[in-house]
K.L.:
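One structure follows; several queries about it will come next.
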Amino acid sequence: MDAFSSSPSSGSPSQQFSADDFKDQLKNQFAQAYAEEFLETIRGKCFEKCITKPGSSLSGGESSCISRCVDRYIEATGIISKSLFSAPR
Amino acid sequence: MDPSQFQSNELAQFIAQEKERAMVNEMVAKLTNVCWDKCITGTPGSKFSSSESSCLSNCARRYMDLSVIIMKRFQNMQ
């Protein structure tokens, strides 16, 4: 997708692509890239923790481990973020 | 897009802000990755034990301390 192309819903083709549109699109793309990377990390970590011996299907134990793992990893991100950016020591 | 729509250094400022934001996000992501491996040794539970959560916050801070020491040491070698 071209970062500089207007969305089809913005109306007539001669409508100007504004500075704000550019900023919004750039921010969205950063957010999207970050989200994808975050998801990929979680996939890796939780596969490692929860699927020790891949079977012919996911067991109930493996499924609940995965759910817990995702919640914990997101929580860990919050803990790390807070410890870096709030009152030190 | 007409570049003159941007005030003189508005674009440069905006990009610098987004770059800093991205760098902060990357640091948090990297630290969470590393500290997860160090601190969450068993199967994830339905909540963190208090030792797991203090390990995580200690981990992040000690990593920053380490970063400062390495920088200083490196500078002393110049």
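Chain A is the first sequence line, chain B the second, and so forth, proteins listed ahead of strands; every chain is numbered from 1.
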K.L.:
As an exercise, state the distance from NZ of B/Lys47 to CZ of A/Arg68, rounded to the nearest 0.5 Å.
P.N.:
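Spacing of NZ (B/Lys47) from CZ (A/Arg68) equals 13.5 Å.
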
K.L.:
Within this structure, what is the CH2-SG distance for the pair B/Trp36 and A/Cys69, rounded to the nearest 0.5 Å?
P.N.:
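It comes to 4.5 Å.
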
K.L.:
Do B/Val24 and B/Leu56 sit in one hydrophobic cluster, given that two such residues count as connected whenever their side-chain heavy atoms are within less than 4.5 Å of each other, even indirectly?
P.N.:
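As far as the 4.5 Å side-chain criterion goes, B/Leu56 and B/Val24 are connected within one cluster.
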
K.L.:
When rounded to the nearest 0.5 angstrom, what is the spacing between OG1 in B/Thr32 and CD in A/Glu75?
P.N.:
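If we round to the nearest 0.5 Å, B/Thr32:OG1 and A/Glu75:CD are 12.0 Å apart.
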
K.L.:
If we only count heavy atoms from C-beta on, is the A/Ile79 to B/Phe48 side-chain gap below 4.5 Å?
P.N.:
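Touching, per the 4.5 Å side-chain cut-off.
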
K.L.:
For A/Phe38, is it the side chain, the backbone, both or neither that has a heavy atom under 4.5 Å from a heavy atom of chain B?
P.N.:
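No part of it gets close to chain B.
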
K.L.:
Under the side chain to side chain donor-acceptor pair (under 3.5 Å) rule, collect the residues that match up with B/Asn33, sequence neighbours excluded.
P.N.:
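B/Asn33: side chain to side chain donor-acceptor pair (under 3.5 Å) contacts with A/Lys45.
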
K.L.:
Tell me, for B/Ser54 versus chain A, whether the close heavy atoms (under 4.5 Å) come from the side chain, the backbone, both or neither.
P.N.:
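Neither part, no heavy atoms under 4.5 Å.
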
K.L.:
Taking B/Arg61 for the side chain and A/Leu84 for the main chain, is one N or O donor matched with an acceptor at less than 3.5 Å?
P.N.:
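A pair under 3.5 Å: no.
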
K.L.:
Mind checking who shares a hydrophobic cluster with B/Val34, ILVMFWY linked at side-chain heavy-atom distances under 4.5 Å?
P.N.:
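Cluster partners of B/Val34: none, it stands alone.
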
K.L.:
Let me know if B/Asn58 has heavy atoms under 4.5 Å from chain A in its side chain, its backbone, both or neither.
P.N.:
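Contact with chain A involves no heavy atom of B/Asn58 at all.
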
K.L.:
Hey, could you give me the CG/OG distance between A/Asp71 and B/Ser46, rounded to the nearest 0.5 Å?
P.N.:
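Here the interatomic distance stands at 9.5 Å.
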
K.L.:
Let me know if A/Thr41 has heavy atoms under 4.5 Å from chain B in its side chain, its backbone, both or neither.
P.N.:
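It is the side chain, since no backbone atom gets that close.
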
K.L.:
Can you find a heavy atom in the side chain of B/Arg21 that is under 4.5 Å from one in the side chain of A/Tyr34?
P.N.:
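No, too far: nothing below the 4.5 Å cut-off.
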
K.L.:
According to a hydrophobic-cluster definition based on side-chain heavy atoms being under 4.5 Å apart (Ile, Leu, Val, Met, Phe, Trp, Tyr only), do A/Phe85 and B/Met64 belong together?
P.N.:
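Yes, because A/Phe85 and B/Met64 connect within a single hydrophobic cluster, where side-chain heavy atoms sit under 4.5 Å apart.
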
K.L.:
Less than 4.5 Å apart, side chain to side chain, heavy atoms only: is that true for B/Asn25 and A/Phe30?
P.N.:
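Of all side-chain heavy-atom pairs linking A/Phe30 with B/Asn25, none is under 4.5 Å.
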
K.L.:
Does any non-hydrogen side-chain atom of B/Gln17 lie less than 4.5 Å from one of A/Lys23?
P.N.:
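Result no, sub-4.5 Å side-chain heavy-atom pair not found.
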
